[in-house]
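Everything below concerns the one structure shown next.
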Amino acid sequence: MSVPYNHKAIEQKWRKNWEANPVNVNDGKKPKYYCLDMFPYPSGNGLHVGHWRGYVISDVWSRYKMLNGYYIVHPMGWDAFGLPAENYAIKMGTHPSKSTADNIANIKRQINDIAAVYDWDMEVNTTDPDFYKWTQWIFVKMFKEGLAYEKEFPINWCPSCKTGLANEEVVNGKCERCGTEVTKKNLRQWMLKITAYADRLLEDLDKLDWPDKVKKMQSDWIGKSHGAEVEFPVEGRDEKITVYTTRPDTLYGATFMVLAPEHAMAKSLATDETREAVEQYILDASMRSNVDRLQGKEKTGVFTGTYAINPLNGAKTPIWLSDYVLADYGTGAIMCVPAHDDRDFEFATKFNIPIIQVIAKDGKEIENMTEAYTEAAGTMINSGEWNGMESAVLKKEAPEMIEKRGLGHKTTNYKLRDWVFSRQRYWGEPIPIIHCPHCGNVPVPEEQLPLRLPDVESYEPTGTGESPLAGIDEWVNTTCPICGAPAKRETNTMPQWAGSSWYFLRYVDNKNNEELVSKEKADKYLPVDMYIGGVEHAVLHLLYSRFYTKFLHDIGVVDFDEPFTKLFNQGMITGKNGIKMSKSKGNVVSPDDLVRDYGCDSLRMYELFVGPPELDAEWDDRGIDGVYRFLNRFWKMAADSCEANVAETKDMVKLRHKMVYDITQRLETFSLNTVISGFMEYNNKFIDMAKKTGGMDKETVETFIVLLAPFAPHITEELWAMYGHETSVFEAKWPEHDEEAMKDDEVEIAVQINGKTRGVVALSADISKEDAIAKGKEIIADKLTGNIVKEIYVPGRIINIVMK
RNA sequence: GCCGGCAUGUCGGAAUUGGCAGACGAGACGGACUCAAAAUCCGUUGCUCGCAAGGGCGUGUGGGUUCAAGUCCCACUGCCGGCACCA
């Protein structure tokens, strides 16, 4: 009788063993495979079973690649700057550097419970001066290339976090971090010109093996549109207003024009009669928050008293101001075609502006229009020389026609805005810029980096729009690196995304003091082959990282221009009823107790068994018993078979090859939950077979052990040793299947009448159609009572007799 | 409002991409072992009619294509996610 499975003893033993003899060895000959996790920020709450899932997925994948002969680059680090870490420190009344270090220690202990093959020699921490030296270096390079610039304008401001935010950090008008309603605040900001990369960020999506969903979110976020800028002369003045439109085909239907209240000409368009109302409207608009401004409220507006001339037909179109037009998109001014745009229709109806239909719907003009006809499908009407054309064709051709006539030009626009890059907070990388009264903005010389974050007592946000750093005179006051005159340091810090935009490059050369990453190591180990993490960063971290990588490519730091070749988004683990795990909800499941009671191997497998890895899953503790029972049964089967030492039979060999084929295929398609159910199913078959034979043969059990190793590394190492191996199971090779060996002599085939199964017949694989049908009919002879119309035989699949 | 995704037993989910729906697991029920319980092992478990043999129904709803539909097409309903006055 074999010894029962003792997870505690086995896991302790192998943990020690691996520490002494690492299994992932870089011998310089093996090809590399870079499998990366999105690094965590060291939260005070530690890890819950949801975090585990992502790390288990990446570790299983890494170990699978290892067994396929790769050296795995599989690092881990800490995204420790930024709001979450700082807010936690404020709450706990500690200094962020202290609480961050404590949290890292705790999470590192928890991560080690996963028994992943992380290479801790590669560890990075974004708050380490040796790391953020390079975060600052990248900023200086961007500044020198004209991609980092200063600008004062009304930015998104979170009153609770007391800092400015990037567009990407505003979700439904609320702060991505704390959910507070975002307001506008006029602030001097550092900006990164991500828009300069808009086209490449859009086009290169094609190169990526990423989930379609994420690619689509990025392409929607970049929001490229094609259209034309058209110039409308202002009546009675020597001025023109340029509008942007994607529907130049509807130009004859433009019955009014609207400018954003922030438009440069807004005030000057007012006449003596309208001046008061116009100025009041502009003032009111500046006071309204984002949320107010969009939340589906009724449109407001004011007539300036001035008219523009439609350049095509000379029609007088009244110029209005309204806050439904955005100042920072296109030209901040639009031509309005109420017949063919919902918003313009609503506005025109409210203010009694004429509506002219220029595209026929179903071949005719609509009587009593109640809503806009927004399709670009139909024949042009009321459109002068364009009458009779198809609107879909005209839509494409109009920009060039307008350009030829000198009325404007063809152009494209993007929804993507430049990245608001400064934060009025303490816990971030200081922006390495010195403001000199004579030389302007001067970057800190590269050899003086890192510019260290000063250690201070009081680091709480001021809320005034000034960073807490501004209060430290001895830090702020410095001299200009160029002219030596007294100068002041920039006091804003970088956003939390700064370090995470490039950290994956640093792991492979984390101790290099001379370069961000050496050319040699970058060529050898980068880019990332597989990136695993949640979908919540689709337009944040993942877009920023692509931008950074393209920039670093352009200045010659790396040769590739996309950081992550393949991306996998794991689903979230939630509590009961799909409620997100959180301390306040009290539904957080900690992995610590489960590891103690069931072992690491069981929890690893259960994390995958809960459901398809890409979907969210509700956690249910009870289910872990299932995988625990499986491991016990597997242990017993393997240990008993080891003792029994029986010779292989044809059935065993067949089962072995089928198993290799099945498991490998499911792994390759990332169907990790069905890999686990496959293990269970094959284990049941092994146990049934062993009942008759006294055990399974050595090679077949060993094959099972290797297949299971990436999932349950401890138990498989122990059994591998039990089977007499002196080296790690991870030095084994991933088994291959033999097509011939797994073929069945006979296949069970369903016999149907009119698509309904009436019997099952065992047929040899190479039987002829006639014989197959004849045999099938024998089985169901008593039911063949009508006229046979058709007989269908799909080899290996089905026999269907069609009867009348 | 627009754009995606999903819908299968009591529950989590599977289905070789058009070929025996419900694998695997959880739960439940019955049995063996035990003084007893736990653990373990064996069995049953979509609904329904039937004593049984056997039959009917069944993948959100309604229609269609096909010898054959969870899978493809059309319409609809519900849930989830993204974007949200981007002209």
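Because the structure is a prediction, the values reported are computed rather than measured. Naming convention: chains lettered A, B, ... in sequence-line order (proteins, then strands); numbering from 1 in each chain.
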Using 30° and 60° as the class boundaries, would you call the ring planes of A/Phe256 and A/Phe347 parallel, tilted or perpendicular? parallel
Does A/Lys685 form a salt bridge (charged side-chain N to carboxylate O under 4.0 Å, His left out) with A/Asp688? I'd like the steps, not just the answer. CA-CA 5 Å; A/Lys685 286 181 181 168; A/Asp688 281 348; over 6 Å; no
Mind checking who B/C72 pairs with, Watson-Crick or G-U wobble, both distances under 3.5 Å? B/G64
Length of the line joining A/Leu672:CG and B/A14:P, which is rounded to integer Å: 12 Å
The side chain of A/Asn684 is closest to which nucleotide in this list: B/C85, B/A23, B/G25? B/G25
Would you mind pulling out the nucleotide paired to B/G30, Watson-Crick or G-U wobble, both distances under 3.5 Å? B/C42
Looking at A/Thr242, is its backbone amide N or carbonyl O close enough to the side chain of A/Thr331 to form a donor-acceptor pair, meaning the two atoms are under 3.5 Å apart? yes
Looking at B/C83, does its base get a donor-acceptor pair with the side chain of A/Lys415 below 3.5 Å? no
Using the P atom in both, what is the distance from B/C11 to B/G27, to the nearest Å? 15 Å
Once you apply a heavy-atom cut-off of 4.0 Å, does A/Gln665 come out as touching a base, just sugar-phosphate, or nothing? nothing
Rounded C1' spacing from B/G81 to B/C42 in Å: 46 Å
Please report the distance, rounded to the nearest Å, between CE in A/Met217 and C1' in B/G82. 5 Å
Side-chain atoms of residues 747-762 of chain A: list all donor-acceptor pairs with protein atoms under 3.5 Å, sequence neighbours left out, distances to 0.1 Å.
unit_1	atom_1	unit_2	atom_2	d
A/Asn754	OD1	A/Met803	N	2.8
A/Asn754	ND2	A/Met803	O	3.4

When both distances are under 3.5 Å in a Watson-Crick or G-U wobble arrangement, the nucleotide paired with B/A23 is none
Is A/Lys756 near enough to B/G19 that one of its side-chain N or O atoms lies under 4.0 angstrom from OP1 or OP2? no
Could you tell me which nucleotide pairs with B/A14 by Watson-Crick or G-U wobble geometry, both distances under 3.5 Å, or answer none if nothing does? none
Would you indicate which nucleotide in B/C41, B/C20, B/A87 comes nearest to any side-chain atom of A/Arg633? B/C41
Give a yes or no answer on whether the side chain of A/His537 reaches the backbone of A/Leu543 with a donor-acceptor pair at less than 3.5 Å. no
To the nearest 0.5 Å, tell me how far A/Glu181 CD sits from A/Thr183 OG1. 9.0 Å
Could you tell me the separation between the CG atom of A/Asp220 and the P atom of B/C3, rounded to a whole number of Å? 11 Å
C1' gap between B/G70 and B/G1, integer Å: 32 Å
Using heavy atoms to find the nearest nucleotide of RNA chain B for A/Val627 and A/Ile334 separately, return the residue whose nucleotide is more 5′. A/Val627
Specify the separation, in whole Å, of atom CZ of A/Arg629 and atom C1' of B/C24. 14 Å
Write down the protein N/O and nucleotide N/O pairs, taken from nucleotides 9-13 of chain B, whose separation is under 3.5 Å; answer none if there are no such pairs.
unit_1	atom_1	unit_2	atom_2	d
B/G12	O2'	A/Val610	O	2.7

Please work out if A/Lys224 contacts a base, only the sugar-phosphate, or nothing of the nucleic acid, heavy-atom cut-off 4.0 Å. nothing
Taking only side-chain nitrogens and oxygens of A/Ser322, does any of them come within less than 4.0 Å of OP1 or OP2 of B/C85? no
Taking only the P atom of each, what is the distance from B/G18 to B/G25 in whole angstrom? 28 Å
Counting the atoms with a prime plus P, OP1 and OP2 as sugar-phosphate, which does A/Lys213 contact under 4.0 Å by heavy atoms, base, sugar-phosphate, or nothing? sugar-phosphate
Interatomic distance where CD belongs to A/Glu168 and P belongs to B/A84 [whole Å]: 10 Å
On a whole-Å scale, what distance lies between the C1' atoms belonging to B/G5 and B/G9? 24 Å
If I take atom CD from residue A/Glu536 and atom CD from residue A/Glu176, how far apart are they, to the nearest 0.5 angstrom? 9.0 Å
Syn or anti for B/U17, given that syn means the glycosidic angle lies within 90° of 0? syn
Side chain of A/Met680, heavy atoms from C-beta onward: which of B/G25, B/C42, B/A87 has the nearest atom to it? B/G25
Stacked cation flag A/Lys658 on A/Tyr661, 6.0 angstrom / 45 deg: no
Taking atom CD1 of A/Ile355 and atom OG1 of A/Thr255, what is their separation to the nearest 0.5 Å? 7.5 Å
Re B/A7: Watson-Crick or G-U wobble partner, both distances kept under 3.5 Å, found to be B/U77
Any strand, both distances under 3.5 Å, Watson-Crick or G-U wobble: B/A36 pairs with none
Would you tell me if any nitrogen or oxygen in the side chain of A/Arg666 comes within less than 4.0 Å of OP1 or OP2 on B/A14? no
Figure out the CG/P separation between A/Asp688 and B/C41, and round it to whole Å. 12 Å
Protein and nucleotides 66-70 of chain B: nitrogen or oxygen contacts under 3.5 angstrom:
unit_1	atom_1	unit_2	atom_2	d
B/C67	OP1	A/Lys790	NZ	3.4
B/C67	O2'	A/Asn800	ND2	3.2
B/C67	O2	A/Asn800	ND2	2.7

Using the P atom in both, what is the distance from B/C73 to B/C24, to the nearest Å? 31 Å
Pair A/Glu346, A/Tyr324: side-chain N/O donor-acceptor within cut-off below 3.5 Å: no
Which whole-number value in Å describes the distance from A/Tyr329 OH to B/A84 C1'? 14 Å
Can you tell me if A/Lys790 uses its side chain to pair, donor with acceptor, with the backbone of A/Val802 under 3.5 Å? no
At under 4.0 Å, does any side-chain N or O of A/Lys636 touch on OP1 or OP2 of B/A39? no
Measuring to OP1 and OP2 of B/A87, would you say a side-chain N or O of A/Tyr324 lies under 4.0 angstrom away? no
Measuring only the P atom in each nucleotide, how far is B/A26 from B/A39? A whole number of Å is fine. 12 Å
Does any N or O in the side chain of A/Arg417 come within less than 3.5 Å of the main-chain N or O of A/Tyr329, such that one atom is a donor and the other an acceptor? no
Separation of B/U16 atom P from A/Arg797 atom CZ, nearest Å, is 9 Å
Taking the six-membered ring for Trp, are A/Tyr598 and A/Tyr606 closer than 6.0 Å centroid to centroid? no
Would you indicate which nucleotide in B/C83, B/C24, B/A87 comes nearest to any side-chain atom of A/Leu326? B/A87
I want to confirm an ordering. Mapping A/Gly678 and A/Gly759 to their closest nucleotides on RNA chain B, which one lands closer to the 5' end? A/Gly759
Is the base of B/G4 syn or anti, if syn means a glycosidic angle within 90° of 0? anti
Give me the distance, rounded to whole Å, that separates B/A23 from B/G43 when you measure between the P atoms they each carry. 15 Å
